[in-house]
Amino acid sequence: MALRVDNNKCIGCNLCASIAPDAFKLNDINHRSEVIKGAQITDSVKEAIQVCPVEAIGEN
Ligand code: SF4
């Protein structure tokens, strides 16, 4: 399973990066979230998936 963020949905609210800073960061180009390489699916990541207001985070 790999984490992904749908950049068409992400609104750059920074919640995921606040909750799971080892897994998500806002990029410098459009301030949308992106998955940090090698990120593991931790409890914090699962929480970020739950709280993302636009359901942009998923696993595939
Ligand atoms: S919580 Fe969702 S909308 Fe907010 S920055 Fe993360 S992926 Fe984007």
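We count ligands from 1, going down the list as the structure has it; atoms in each ligand are counted the same way.
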| said: Whether the side chain of Gln40 engages the backbone of Gly38 through a donor-acceptor N/O pair (distance < 3.5 Å, no angle test) should be reported. | reply: yes

| message | Using a 4.0 Å heavy-atom cut-off, which part of Val54 comes near ligand 1: side chain, backbone, both, or neither? | response | side chain

| said: Judged on heavy-atom distance to atom 5 (S) of ligand 1, which of Ile49, Val51, Asn14 sits nearest? | reply: Asn14

| query | Would one find an N, O or S atom of Cys16, in either backbone or side chain, under 2.8 Å from atom 6 (Fe) of ligand 1? | reply | yes

| message | Treating Asn27 as the side-chain partner and Asn30 as the backbone partner, does any N or O pair qualify as donor plus acceptor under 3.5 Å? | response | yes

| request: Run the numbers for me: atoms of ligand 1, each under 4.0 Å from some heavy atom of Ile11, listed by number. | output: 3 (S), 8 (Fe)

| query | Which distance, rounded to the nearest 0.5 Å, do you find between the CZ of Arg32 and the CG of Asn8? | reply | 9.5 Å

| Which of the atoms of ligand 1 are close to Leu15, meaning less than 4.0 Å from one of its heavy atoms? | 1 (S)

| Between the main-chain N or O of Glu59 and the side-chain N or O of Arg4, is there a donor-acceptor pair closer than 3.5 Å? | no

| request: Rounded to the nearest 0.5 Å, what's the gap from CG on Asn7 to NE2 on His31? Could you check? | output: 12.5 Å

| query | Would you say Cys52 has an N, O or S atom lying under 2.8 Å from atom 2 (Fe) of ligand 1? | reply | yes

| ligand 1 atoms in contact with Cys10 (distance to a heavy atom under 4.0 Å) | 3 (S), 5 (S), 7 (S), 8 (Fe)

| query | How about Cys13: does one of its N, O or S atoms come closer than 2.8 Å to atom 4 (Fe) of ligand 1? | reply | yes

| said: Using 0.5 Å steps for rounding, measure from the CZ atom of Phe24 to the CD1 atom of Ile19. | reply: 9.0 Å

